[in-house]
Protein chains: 2
Amino acid sequence: MNVSPLEEYGLRCAVQLASLPEGESLSAPEIAEREGLSVEYVSKFMLLLKRGGLVKTIRGIKGGFLLAKHPAEIPLKEVFDALKQNRKTNRGFCDSFSGKSETCVRSKGCAIRPFWQILSRYIEEFTTRLTLQDLLQGEEVTSLKTRGIALENVARFKEEVTV
Amino acid sequence: MNVSPLEEYGLRCAVQLASLPEGESLSAPEIAEREGLSVEYVSKFMLLLKRGGLVKTIRGIKGGFLLAKHPAEIPLKEVFDALKQNRKTNRGFCDSFSGKSETCVRSKGCAIRPFWQILSRYIEEFTTRLTLQDLLQGEEVTSLKTRGIALENVARFKEEVTV
DNA sequence: TCAAAACAATACTTTTTTGTACGGTTTAAA
DNA sequence: TTTAAACCGTACAAAAAAGTATTGTTTTGA
């Protein structure tokens, strides 16, 4: 339950692109400079973002990266998913079984599952509703919108509980 | 943003102990059997849980592990924290800076921080309010309580937003 | 008192992830 | 047409985490 370096850096670089005027691009060296990372490292996860369909590239001298869509159309989840591409393991609770058994020991009656399911659903809600555009609006606005999502979630949970 | 094996297995084993009648213990081989893990591996994180003050041990033949407190007094967060003890890196957003800079490039005006802060606060709320006891109540109850926490969170968020 | 079974602790191996290096291809411009 | 700067892609090295092995200490009970 913690953030991987790729997730953090990748999101930051995506935000850099989102902050550009429409149609402009940024080269890997420029991004690296702005984020204090190595050019090679930036190149690595920009490639992932490209494969994830978030980013378009311009090759050759004068080349660079730009978002494939408007920032408002790119939920954070898309960024995170793109960056997960080349991971060997991709775990959530109950995905992983023991080293010994073929299937989860508690395929029924798992004590952990409901907790995990609700929490992960909540996180997913957060990351699909918030877009790169939202992050650009500055701290106050982002803060308000994040809280707004929490609020709406509550409403939905409430319905489900009272039914 | 995914669950580490230690976190999942550790929590499961803690739940095993929580499910015992008051005062009874379970040995590492027994836990390992029930969860389909190796005895050595179980021993490893039971030691962490012990150091975290969650678990008491009985040495010698007939030895084993038991919870140091009533399951209702052990929030999931405590379990997770105990299991984090021997990690080398412990990252959240904005904890980690680039390899090059001494301090975070965006120590002010960070686009990512508010999103991350609210989400992590929410997760923390979840894990401090839910206890091992809750997980024992079975899927429906856990599910309801988890939703209940979501609900209360909303109320709190709402206050903050409208102020 | 001795043996068996269990916890304690650390060292070690393997796997995964992080981060770097480097050779190749593309393109703008002189 | 040549060169420089940038993307592309993979291979490689280093660090972290996962999981195992082993040795030692404690305790029960024959």
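Throughout, protein chains are lettered first and strands after them, A, B, ... in sequence-line order, and every chain is numbered starting at 1.
Listed in residue order, the members of residues 51-60 of chain B having a heavy atom less than 4.0 Å from DNA chain C are B/R51, B/T57, B/I58, B/R59, B/G60.
Cluster partners of B/I61 are absent, since no Ile, Leu, Val, Met, Phe, Trp or Tyr has side-chain heavy atoms less than 4.5 Å from it.
Going from atom CG of A/L66 over to atom C1' of D/dC7 covers 13 Å, rounded to whole Å. Put simply, NZ on B/K62 is 14 Å from C1' on D/dA30, counting in whole angstrom units. Atom CD in A/E33 sits about 12 Å away from atom P in D/dA6, given to the nearest Å.
Taken to the nearest 0.5 Å, the CZ atom of B/R129 stands 14.5 Å off from the NZ atom of B/K77. Atoms CG and OG, on B/L48 and B/S43 in that order, are 11.0 Å from each other to the nearest 0.5 Å.
Looking at every heavy atom in both residues, B/V55 comes nearest to B/M46 through CG2-CE, 4.3 Å. In terms of heavy-atom proximity, B/L49 sits nearest to B/A14 at CD1-CB, 4.5 Å.
A 4.0 Å heavy-atom criterion places the boundary nucleotides of DNA chain C facing chain B at C/dA4 to C/dA9, written 5' to 3'.
Electrostatic pairing of A/E8 and A/R12 counts as a salt bridge here, judged by a charged N lying under 4.0 Å from a carboxylate O.
Applying the side-chain hydrogen bond (donor to acceptor under 3.5 Å, both in side chains) test to pairs two or more places apart or on separate chains, those with a residue in residues 48-72 of chain A are A/K69-A/E78.
Side-chain atoms of A/E24 never come within 3.5 Å of backbone atoms of A/P21 as a donor-acceptor pair (strictly under, hydrogens ignored).
Among residues two or more places apart in sequence or in another chain, the ring-ring contact (aromatic ring centres under 6.0 Å, His included) test is passed with B/Y41 by B/Y9, B/F45.
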Sugar-phosphate atoms are those with a prime plus P, OP1 and OP2; base atoms are the rest. Using that split, label each nucleotide of nucleotides 11-20 of chain D B, S or - for protein heavy atoms under 4.0 Å, 5' to 3'.
-> -----SSSBB
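Under the 4.5 Å side-chain heavy-atom criterion for Ile, Leu, Val, Met, Phe, Trp and Tyr, A/I74 and A/V15 are members of the same hydrophobic cluster.
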